[in-house]
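By convention in this document, chain letters (A, B, ...) are assigned in the order of the sequence lines, proteins followed by strands, and residues within each chain are numbered from 1. FYI, side chains are in, hydrogens and waters are out, and symmetry mates aren't considered; it's all heavy atoms of this structure.
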2 protein chains.
Amino acid sequence: MHSEIIMPQQFEERARVMKAMAHASRLMIIDELSRGERCVCDLQELVGYDMSTVSKHLAVLKKAGLVEDERRGKQVYYRLKVPCILNFFHCIESVVEANKR
Amino acid sequence: MHSEIIMPQQFEERARVMKAMAHASRLMIIDELSRGERCVCDLQELVGYDMSTVSKHLAVLKKAGLVEDERRGKQVYYRLKVPCILNFFHCIESVVEANKR
DNA sequence: TCATCATTTGACAATAATACCAAATAAACT
DNA sequence: AGTTTATTTGGTATTATTGTCAAATGATGA
């Protein structure tokens, strides 16, 4: 399927980070974390999917370097590691709005 | 697979736009278009995949509202419709760099 | 009109992503 | 130690994405 083409690594790496953001639940999580750290249980209530699903979404964000976690007692708290991604939402929103016309 | 949960539409829409960007070839195309309009043939040479593959990537970007196209003679030229997405690359790059440590 | 060049579309195979359930870990409390 | 609560991991079914080839479309020029 894939004829081994050298795709400059830089773009592959960027794509990996972008891909981690490119999901409604994960965008929702990022948005929530912009207001402070949250435990997995908070986030699972927010997005409404199974706890294991939410945990996997968080693992994706963590692997991409977008969030970090800390266990405190029984709970694991996640927080946003890269606030600059929030600036982007204005731009994305402008695209969404423009598309509506 | 999907227990019909109401995921605020806003995040779905944002995800659709983000998803359109979240691919190495498409990021490469966006980067190239930031330097001016290009025909499909230029872009296919750049990314190195089959012309039909590149055409489909462009269709994805167009559908997301990120690029616009114009046919001039035999060729179709694409240009970036939303330059603000470029600002984001600095942020993404900082994540990529941080991940390397 | 016919041939050619540039691009898009359709059909399809391969791979990746997503969500669930069940089981495994981890910490705290009895 | 055993129980409870919070989270992660493994297995698996479903769906989405990606890329190729072949055929279709569009515009130009002989």
Problem set entry | Side-chain donor/acceptor of Gln44(A) to backbone N/O of Tyr49(A), under 3.5 Å | yes
For this session: Give the rounded distance in Å between these two atoms: NZ of Lys63(B) and C1' of dT9(C).
Result: 15 Å
Exercise. Are Lys100(A) and Glu97(A) ion-paired here, with the side-chain N under 4.0 Å from a carboxylate O?
Worked result: yes
Exercise. Tell me: CG of Leu61(A) to C1' of dA17(C), nearest whole Å?
Worked result: 14 Å
Exercise. How is Arg72(A) classified with respect to the nucleic acid when contacts are heavy atoms under 4.0 Å: base, sugar-phosphate, or nothing?
Worked result: nothing
For this session: Take atom CE of Met21(A) and atom C1' of dT18(C), then tell me their distance rounded to the nearest Å.
Result: 19 Å
Seminar exercise, completed: Contacts of Thr53(B) and Val60(A) projected onto DNA chain C by closest heavy atom; the upstream (5') one is Thr53(B)
Exercise. To the nearest Å, how far apart are Gln44(A) CD and dC21(C) P?
Worked result: 12 Å
For this session: When you get a sec, tell me which of dT8(C), dG19(D), dA19(C) is the closest nucleotide to the side chain of Ser25(B)?
Result: dG19(D)
Exercise. When the ring planes of His57(A) and His23(A) are compared, do they come out parallel, tilted or perpendicular, using 30° and 60° as the limits?
Worked result: tilted
For this session: Examine distances only and state if a side-chain atom of Asn87(A) and a backbone atom of Phe88(B) form a donor-acceptor pair shorter than 3.5 Å.
Result: no
Problem set entry | Under-4.0 Å salt bridge between Glu68(B) and Lys62(B) | no
Write down the protein N/O and nucleotide N/O pairs, taken from nucleotides 5-7 of chain C, whose separation is under 3.5 Å; answer none if there are no such pairs.
from: dT7(C); atom 1: OP1; to: Val40(B); atom 2: N; distance (Å): 3.1
from: dT7(C); atom 1: OP1; to: Val76(B); atom 2: N; distance (Å): 3.4
from: dT7(C); atom 1: OP2; to: Cys41(B); atom 2: N; distance (Å): 2.9

Problem set entry | Met18(B) CE - dA16(D) C1' separation (whole Å) | 17 Å
For this session: Starting at atom CG of Asp50(A), determine the distance to atom C1' of dG11(D), rounded to an integer number of angstrom.
Result: 14 Å
Exercise. Hey, is the side chain of His57(A) poking within less than 4.0 Å of OP1 or OP2 on dA19(C), counting only N and O atoms?
Worked result: yes
Exercise. Is a side-chain N or O of Arg71(B) found less than 3.5 angstrom from the main chain of Gly73(B), in a donor-acceptor match?
Worked result: yes
Exercise. Would you say His23(B) reaches dG19(D)'s phosphate, i.e. side-chain N/O to OP1/OP2 under 4.0 Å?
Worked result: yes
Exercise. Picking from dT20(D), dA17(C), dG10(D), which would you name as closest to the side chain of Lys56(A)?
Worked result: dG10(D)
For this session: For Lys19(A) and dA16(C), give me the distance from atom NZ to atom C1', rounded to whole Å.
Result: 8 Å
Exercise. With the threshold set at 4.0 Å, does a side-chain nitrogen-carboxylate oxygen contact exist between Arg72(B) and Glu37(B)?
Worked result: yes
For this session: Whole angstrom is fine here: how far is it from CG in Asp69(B) over to P in dA27(D)?
Result: 13 Å
